[in-house]
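Right, one structure below, let's go through it.
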Amino acid sequence: MCGIFAYLNYNVNRERRYILQVLFNGLRRLEYRGYDSAGISIDDYFSVSRNPDTPQPSSINSLSSSPLVFRQEGNIESLVKSVYQGLVVELMVVLVLSEVAATELNLEESFTTHAGIAHTRWATHGVPAPRNSHPQTSGSGNDFLVVHNGVITNYEVLKETLVRHGFTFESETDTEVIPKLAKFVFDKANEEGDQTVTFSQVVLEVMRHLEGAYALIFKSRHYPNELIACKRGSPLLLGVKELNDDVCNGSAFHDAKFLSKNGNPKELFLSSDANAIIEHTKKVLVIEDGEVVHLKLFLICISSSSSSSSSSSFQFDPKFAISFYPTPFLKHEGGVSILKFNNDKGRNGDSLSARPASVQRALSILEMEVEQINKGKYKHYMQKEIHEQPESLTTTMRGRLLRGGSCKAKTVLLGGLKDHLKTIRRSRRIVFIGCGTSYNAALAARPILEELSGVPVTMEIASDLLDRQGPIYREDTAVFVSQSGETADTLLALEYTLENGALCVGITNTVGSVIARNTHCGVHINAGCEIGVASTKAYTSQIVVMAMLALAIGGDTISKQERREAIIDGLFDLPNKIREVLKLDQEMKDLAKLLIAEQSLLVFGRGYNYATALEGALKVKEVALMHSEGILAGEMKHGPLALVDENLPIVVIATHDACFSKQQSVIQQLRARKGRLIVMCSKGDAASVCPGGGCRVIEVPQVEDCLQPVVNIVPFQLLAYHLTVLRGYNVDQPRNLAKSVTTQ
């Protein structure tokens, strides 16, 4: 996963220093999406800064000078340092693409209109290095520049074809084919000499030949002060900030439902995530798959292309005729129009004479505050998000738990599912599909869903389901669990499941995400913004939502009424129990000091807490970079017991539930082999789980068994956090990881 960001100011003077600050801050907000390299592109001092009353260039070949491109290995601050200090960085200039030069930037230079793009990378194709960082370029002169989030699956075919046409490649990325293809399209059109090709036409033609998932932002010296964004699968938002006529300092904007149709000063933002936009504006447009958003001065035109792509046998032969879509009718009024294109047309050189229809798109208002993306009093985002869990769980349950008077039943209301509950209850089976932490959350909820619904529940790791092409039936209900709603394997599994006709339910933390849009129904977990790469509050909110899902599905069973009401009472009290367990913070820090030099950790759990063992081990593995393994306690004697000695630390989860006596037996067997034990138990059970002492005990509050995983995971989160800080690692940006995996 990568983060892409762009900033365009119109009719408002912005110094280069301010423009750089906006771009860098945007990248900082997106850094959780990738942090092994970064880059930006801005205009140099020759760039055209046009006024709407100034005549437009008469020819498309009226160029600004080449945009400046800075790319740097390492995190965002490495890039910032390179740009501001004028150090030797990979600055591509007009003369030679591979030239590495130093530059003295005039930070006080002012631009009435300027378009800048930025990117933070999580390496998938090619090692972290300046040549593999974005923006990727079309070649000498930076005719076309692209920042990209996603994967182009047919890039090798396109690359081979472009090489045959004389293009040379500098990087190992899949992205580099995109700007080079754009240059090929542009040059080919101008060789014809019978038409003036527009920026959107070039991009639409490029899109026809791309396969895979992507979000792209294009910048070109042929089209100064213009940007084009398009997407298929990967997320992308447009933020709009309209400034008052007499206020050009960015402090005010109109709250109109649509982008105002005037020449007032405006600032436009493109971003992979709302986190990078919220500090500027709450007015956004969620860009849909297949749409092309053209930012031109203060004019925005949205074109929509079909999602179908070209065959992998596509050839650039000398007779190849590039077909273009009709240019949308553009007025200098700042309106938003969506134009529907049929991308299948024009494949064989057909021309389109009919102008595509356009419709208005309303801007949405982000329901989040800047404070949600700041650390506040905490040193790290992970620490903040761990301690936010009482509030995040309260928000997850707000308006969904109904507890009336003595004569009224306690119930759950999930508005996103109410029209589909009967279908789910009649399902042949319920299939949970997810990856990583989301899979673990579903695993924690499986027992209660089976108990209350009486429907068989199976678990599928999304990638494994796809690899096996496992059977999915029309009578199935498939529940897709993803915090971001954009996890690549989960999205592909969703496509596969939809093709097989199953009812698809989405559980995600991201409103407007691909999973939220493409499933038949679903529930948002409403955990709030989570920036730390290791998921904490989203995990506990996912479990609570799936527990409420079980209550809703089993709500028509009289025999389970008492059990359901006990769980609902437990849900109401759960935030208080989390506040209580958070008081173990210092105790877990002390434990982390004892484990700081260890190389491995085993965690045994069973029943509801097998998922806790998996997730707890994953947290330690993710951020503390310690080998840790979650093991089903019932499998202990089938191999893992051979690892036990007096040195290896072992955590056994033995809170009071139906598996308590079995876990007591596990503890005794481990003690008999001189295991170094750390036991998590319910308050008051220390003597029974560890008679005679000899092992460290962590006591946690007792709750309903199906909710116990929510309480039990918190000490593991605290342990992982403190272990990471004590070891000197970056807790918010663990090595080689990113917040959401948008590649297979």
Side-chain angles (χ1 to χ4, degrees), residues 1 3-5 7 18-35 38 75-80 118 120 235 237 239 241 249-253 267 269-284 364-396 398 483-484 509-512 524-541 575 578-579 582 585 623 714 717-718 720-722 724-725 729-734 737-740:
M1 178 173 72
I4 61 178
F5 184 78
Y7 168 59
Y18 178 87
I19 292 168
L20 286 170
Q21 180 182 346
V22 171
L23 292 173
F24 289 143
N25 284 343
L27 289 184
R28 290 186 182 104
R29 298 297 190 192
L30 298 173
E31 194 168 17
Y32 71 93
R33 302 178 68 89
Y35 35 85
N75 60 19
I76 305 301
E77 298 313 314
S78 299
L79 176 67
V80 174
T120 181
L237 292 87
K241 184 174 184 177
N249 59 6
S251 61
F253 63 93
E267 292 180 308
F269 308 86
L270 290 162
S271 175
S272 298
D273 196 298
N275 291 353
I277 294 178
I278 187 61
E279 62 186 296
H280 302 288
T281 180
K282 289 189 175 183
K283 296 167 62 177
V284 299
S364 304
I365 303 299
L366 289 174
E367 295 182 1
M368 62 184 295
E369 303 296 335
V370 176
E371 290 74 17
Q372 293 179 248
I373 58 175
N374 292 329
K375 295 175 186 175
K377 64 180 181 180
Y378 298 98
K379 293 182 179 179
H380 303 96
Y381 283 113
M382 183 178 180
Q383 182 187 27
K384 172 177 180 276
E385 289 153 10
I386 290 171
H387 287 270
E388 281 180 340
Q389 288 177 105
E391 291 73 29
S392 63
L393 290 174
T394 299
T395 304
T396 296
R398 183 174 292 125
Q483 183 234 323
S484 66
N509 195 34
T510 310
V511 177
H524 289 112
I525 67 173
N526 296 334
C529 183
E530 189 178 69
I531 295 174
V533 168
S535 181
T536 51
K537 64 179 182 177
Y539 174 76
T540 51
S541 286
I578 299 299
R579 290 187 183 94
L582 283 169
D585 191 17
V623 294
V714 176
Q717 295 172 348
L718 293 169
Y721 170 76
H722 289 300
T724 307
V725 173
Y729 298 136
N730 190 329
V731 70
D732 288 329
Q733 298 172 359
L737 300 181
K739 184 65 178 171
S740 175

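Throughout, numbering of the chain's residues begins at 1 and tracks the sequence. Given the structure is predicted, the values throughout are model-derived calculations rather than measurements.
- A 4.5 Å side-chain heavy-atom check between Tyr32 and Asn275 finds at least one atom pair inside the cut-off.
- Distance alone, capped at 3.5 Å, is enough to place a donor-acceptor pair between the Thr396 side chain and the Ile525 backbone.
- In this view, Tyr729 satisfies the ring-ring contact (aromatic ring centres under 6.0 Å, His included) rule with no residue, not counting sequence neighbours.
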When you look at Glu31 and Ile531, which way does the side-chain contact (heavy atoms from CB on, under 4.5 Å) test go after all the steps? CA-CA 9 Å; Glu31 194 168 17; Ile531 295 174; over 6 Å; no
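- Between Ala720 and Met382, the shortest heavy-atom contact is CB-CE, 4.4 Å.
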Stepwise side-chain contact (heavy atoms from CB on, under 4.5 Å) test for Leu582 and Ile386: CA-CA 8 Å; Leu582 283 169; Ile386 290 171; 3.8 Å; yes
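- For Phe269, the ring-ring contact (aromatic ring centres under 6.0 Å, His included) partners at least two apart in sequence or on another chain are Tyr7, His280.
- The shortest distance between side-chain heavy atoms of Gln383 and Val725 does not fall below 4.5 Å.
- Ile4 places none of its side-chain heavy atoms less than 4.5 Å from the side chain of Leu30.
- Rounded to the nearest 0.5 Å, atoms OG1 (Thr536) and CD (Gln389) are 5.5 Å apart.
- With hydrogens and angles left out, the side-chain atoms of His380 and Tyr721 include a donor and acceptor closer than 3.5 Å.
- Closest approach of Asn730 and Thr724 over heavy atoms only: C-CG2, 4.2 Å.
- Ala538 and Glu530 get closest at one heavy-atom pair: N-OE2, 3.1 Å.
- Under a 3.5 Å cut-off, the side chain of Asn374 and the backbone N or O of Gly376 do not form any donor-acceptor pair.
- Of the residues listed (Asn75, Leu27, Leu79), the one engaging Thr120 in a side-chain contact (heavy atoms from CB on, under 4.5 Å) is Leu27, and it is the only one.
- With sequence neighbours left out, the ring-ring contact (aromatic ring centres under 6.0 Å, His included) criterion links His524 to no other residue.
- Closest non-hydrogen pair, Ala38 versus Ile76, comes out as CB-CD1, 3.7 Å.
- For the residue pair Gln483/Ser535, the side-chain donor-acceptor check at 3.5 Å is not satisfied.
- Under the 3.5 Å distance criterion, the side-chain polar atoms of Asn509 are left unmatched by any main-chain donor or acceptor of Cys529.
- Not a single donor-acceptor pair under 3.5 Å links the side chain of Lys377 to the backbone N or O of Lys384.
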Determine, step by step, whether Arg28 and Val80 satisfy the side-chain contact (heavy atoms from CB on, under 4.5 Å) criterion, reporting the C-alpha distance in whole Å, the side-chain angles of both residues, the deciding distance to 0.1 Å, and the verdict. CA-CA 10 Å; Arg28 290 186 182 104; Val80 174; 3.7 Å; yes
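- Heavy atoms from other residues, nucleotides or ligands lying under 6.0 Å from NZ of Lys379 number 12 at most.
- Taking all atoms of both residues into account, the shortest heavy-atom contact from Arg33 to Pro235 is NH2-CG, 3.7 Å.
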Kindly determine whether Ser541 and Leu393 satisfy side-chain contact (heavy atoms from CB on, under 4.5 Å), including the steps that lead there. CA-CA 6 Å; Ser541 286; Leu393 290 174; 3.9 Å; yes
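- Side-chain contact between Glu391 and Arg579 is present, with heavy atoms from C-beta onward closer than 4.5 Å.
- Under a 3.5 Å cut-off, the side chain of Ser392 and the backbone N or O of Ala527 do not form any donor-acceptor pair.
- Between Ile578 and Val714, the shortest heavy-atom distance links the atoms CD1-CG2, 4.1 Å.
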